[in-house]
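Comments concern the structure below.
Per chain, numbering begins at 1; letters A, B, ... match sequence-line order. Small disclaimer: the values here were computed from a predicted structure and weren't measured. Just so it is clear, the values below take in all heavy atoms, side chains as well, and ignore hydrogens, waters and symmetry mates.
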4 protein chains.
Amino acid sequence: MRSEIHPSGQGDRSFVENARRAQIIDCAIDAIAELGYANASLAEIARRAGISKGVISYHFAGKRELIGEIIGAILKKATAVMLPRMKAERSAAGMLRAYIETNLDFLGANPNCIHAIMKIGAATRDEADQPKTDYELAFQPAVRDLEKLLRFGQQQGEFRDFSTRVMAATIRSAIDGVAFQLEANSKLDLKAYANELVILFDLATRKAAK
Amino acid sequence: MRSEIHPSGQGDRSFVENARRAQIIDCAIDAIAELGYANASLAEIARRAGISKGVISYHFAGKRELIGEIIGAILKKATAVMLPRMKAERSAAGMLRAYIETNLDFLGANPNCIHAIMKIGAATRDEADQPKTDYELAFQPAVRDLEKLLRFGQQQGEFRDFSTRVMAATIRSAIDGVAFQLEANSKLDLKAYANELVILFDLATRKAAK
Amino acid sequence: MRSEIHPSGQGDRSFVENARRAQIIDCAIDAIAELGYANASLAEIARRAGISKGVISYHFAGKRELIGEIIGAILKKATAVMLPRMKAERSAAGMLRAYIETNLDFLGANPNCIHAIMKIGAATRDEADQPKTDYELAFQPAVRDLEKLLRFGQQQGEFRDFSTRVMAATIRSAIDGVAFQLEANSKLDLKAYANELVILFDLATRKAAK
Amino acid sequence: MRSEIHPSGQGDRSFVENARRAQIIDCAIDAIAELGYANASLAEIARRAGISKGVISYHFAGKRELIGEIIGAILKKATAVMLPRMKAERSAAGMLRAYIETNLDFLGANPNCIHAIMKIGAATRDEADQPKTDYELAFQPAVRDLEKLLRFGQQQGEFRDFSTRVMAATIRSAIDGVAFQLEANSKLDLKAYANELVILFDLATRKAAK
DNA sequence: GATGAATGAGTTTTCATTCAT
DNA sequence: AATGAATGAAAACTCATTCAT
């Protein structure tokens, strides 16, 4: 069930420390994905890692920092997978296709990462003490990049005139929705699903032929 | 902030009892929407209702039942708003438009209901002890009805050939996604948003002109 | 070991609640006096009261509130003992004598109260988060009243010219010091001790005979 | 903020080891004085010393030994300052004056030492597991020496007849009380304070003129 | 029907201490 | 000699639930 995310923390941490942090982050992702955010206590995470509770406190300032690192690690990994394939495309439509396909690939390869991040998002959204959650701070850029891509397509004349905000949010939601379905049915054919989405959003975005 | 949902429980409950249950459900919705699922403790809900904690336990077998009733109440209310407008349409495309519009209308009129239900969905989804959550049991039919509508459109020859599962999930996700945005920006223009979505999914579903 | 302090909380609390609060306060005083502030955990206090830990949290917002109530309760009790005897005196020298005697009487009758309050004072003094502790807020007035008494004596011509601040602080310290000695030697003769102190401070304050 | 106390441990320790111990003791004094006894964790002390936590455990058998060494170090330093000035006096009254003045001098020059020692005294006084604390063991002699001085004064006919125990305790308490005031108001004029105390206790001790 | 009180398991966090390297 | 890592017990506090009145 491990997702093997290794954030390869910033330089000033020792190899051993980075390994432990990565291990804890992995176990935390699994625990959140499988048990839900509320049930993923530090005790449970420690149990899965086969370490004592104190170790987590030793390596992370608190649960908040751990959650922040989880989001960071997942984002980093997702970006690493997606960026090269996005850059290989020239047309806006191609990039949009690549965006959808790589997202679903990542989803298929790392279901727990996505489940975890969605549960974190839902559970920590606007808690009393933090006006903007780490989750939101992390994902606003993701949607913004998508918007840029769409605007680029409109400028190129590939895409019709639509609200880039709405379209970006819809594409993002569509992909996030796949995660939920994947949770209910782990045998979902993601390749086929990606094809459907690609066609769907191609029709929804492209400029009607004269 | 009250949402005034009255589930009007089944017949064998007294008037007073139903009123209390409805009041508790309303306050619970507000609490979950405003504080997040994790922070909406029974104590907080009781505080908002101006009653003692014990009352909640008296009227509901446990927190789980309360959550289940919340979902039921919201679903009932949403259905009551949407069904008539759906039925007024003849064409599949018209019904899809009505579906999107009524959903966003409901969202605008009852933001707390939607925020609450999304937080419940994310938080209770596959907790350790319950294989299928009330949430899932309640919402699978909702998506299934949408699927039926899409299949009907295909049979009528209005809609192109696509996976009704994927399309239904995407439409549902698109609408759910609006709730998140509404939370971040309460001044969102929902009418305009609905128009964008209607056009988007019209293009995505309709049969290409010969 | 009980000190039987019953703060008789403000009117809006039920009889039962006040009784529980008083019981918890009593046990907390004993625990602090006997084990020291650091070792007087909520668990230990609950154990002494024969109740569960949660009860303390139920009745007091937190440990800080409990400590505040302890100080308030002791102060109230001490004042109740001292005030009448102070008022019965006419001369400043008589009042000073009454102050010393009643303080030592209270000390003898309620050693745990004094031990507890001194330990609280030492342990909570300038913790990071509270610039002025409850303890200081509670005891500054006590020293200030003593200063007023000394100034009155000077104005009456009974007392010589000295710094009322220094004298007040010294008298207060002398009395507090008795508490420490009482802790080490519970058979201390407080009557004799009081007499010694009365003479000591009489000599130190009175105007030299012409 | 360093107080630079170097206990110069007993002979069988290497120079390096003694230096480390002294450094740790200094940092511990500062930490206790500034943060309070409870907040002066080994981690905090290590942080201030720029070393790892383990080093403290390496050099001291436990926290208790560290505390004991702190008391010893301060006592040694205080004695070194006070003894010569005491010995320079011939009369008992002069020695008493020197005692008060040197104590307050030391207080002004080493506020952290005094703050630390008072916090240690209050916090460790009769903790559950140690019948007599290092603190008490260390300070009983200090009061006993004062008592000897007072008895000497009575034998010389300089001092009136009073309980030397009470007088010694009162003088000691008066001086300790200054430390608390100094904490609240660091601009306290200690010279003036010392003068007041000298006069106060001179009047309180001397034999009335015939 | 409703309440206040109590419970006890559970949460995160802190800390002195130990130990292999 | 020193370190970073790990431990495990204990801390304060939260919360769903139970129950006598």
(request) Find the distance D/K63:NZ to F/dA10:P and express it as a whole number of Å. (result) 17 Å

(request) Can you tell me the distance, in whole Å, between the CG atom of A/N18 and the P atom of F/dG4? (result) 14 Å

(request) Grab the NE2-C1' distance between A/H59 and F/dT7 for me, whole Å please. (result) 12 Å

(request) By nearest nucleotide on DNA chain E, pick out whichever of D/A43 and B/V55 is the more 5' one. (result) B/V55

(request) Tell me which of A/L42 and C/Y58 sits closer to the 5' end of DNA chain E, going by the nucleotide each one is nearest to. (result) C/Y58

(request) Quickly work out the B/N39 CG to F/dC13 P distance and round it to whole Å. (result) 17 Å

(message) Can you work out whether D/G54 or A/I51 has the more 5'-proximal nearest nucleotide on DNA chain F?
(response) D/G54

(request) Let me know, please, whether A/R20 or C/G62 comes out on the 5' side of the other along DNA chain F by nearest nucleotide. (result) A/R20

(message) By the 4.0 Å heavy-atom rule, please label C/S57 as base, sugar-phosphate, or nothing.
(response) base

(message) Less than 4.5 Å apart, side chain to side chain, heavy atoms only: is that true for D/I74 and D/I25?
(response) no

(request) At the 4.0 Å heavy-atom cut-off to chain C, mark where contacts on DNA chain E begin and end, going 5' to 3'. (result) E/dG4 to E/dG10

(request) Using whole Å, report how far CD of C/E65 lies from C1' of F/dA12. (result) 14 Å

(request) Please answer whether the main-chain N or O of B/H59 pairs with a side-chain N or O of B/R20 as donor and acceptor at a distance below 3.5 Å. (result) no

(request) Report the C-alpha distance between B/R48 and B/L35 in whole Å, list the side-chain angles of each, state the deciding distance to 0.1 Å, and finish with yes or no for side chain to side chain contact (heavy atoms under 4.5 Å, CB included). (result) CA-CA 12 Å; B/R48 283 165 180 256; B/L35 306 177; 3.9 Å; yes

(message) Applying a 4.0 Å non-hydrogen cut-off, can you work out what D/I56 is touching in the nucleic acid: base, sugar-phosphate, or nothing?
(response) nothing

(request) Check the pair A/K53 / A/I45 against side chain to side chain contact (heavy atoms under 4.5 Å, CB included), numbers first and verdict last. (result) CA-CA 8 Å; A/K53 261 187 304 177; A/I45 294 167; over 6 Å; no

(message) Between D/I117 and D/I70, is the side chain to side chain contact (heavy atoms under 4.5 Å, CB included) condition met? List the steps.
(response) CA-CA 8 Å; D/I117 216 160; D/I70 289 172; 6.0 Å; no

(message) Once you apply a heavy-atom cut-off of 4.0 Å, does D/S41 come out as touching a base, just sugar-phosphate, or nothing?
(response) sugar-phosphate

(message) Please find the pair of heavy atoms, one from B/I29 and one from B/N112, that lie closest to each other, and give the distance.
(response) CG2-O, 3.7 Å

(request) Would you check, one step at a time, whether the test side chain to side chain contact (heavy atoms under 4.5 Å, CB included) holds for D/I32 with D/N39? (result) CA-CA 7 Å; D/I32 293 170; D/N39 293 30; over 6 Å; no

(message) From CD1 of C/I45 over to C1' of F/dA12, roughly how many Å is that when rounded to an integer?
(response) 11 Å

(request) Could you tell me whether B/E44 and B/R47 have a side-chain N and a carboxylate O separated by less than 4.0 Å? (result) yes

(message) Taking the side chain as everything from C-beta on, heavy atoms only, tell me whether D/F60 gets closer than 4.5 Å to D/L42.
(response) no

(message) By nearest atom, which of the nucleotides F/dA2, F/dA11, F/dA16 is closest to the B/K53 side chain?
(response) F/dA16

(request) Would you mind reading off the bend of the helix from E/dA2-F/dT21 to E/dT21-F/dA2 from its two end axes, five pairs each, to 10 degrees? (result) 20°

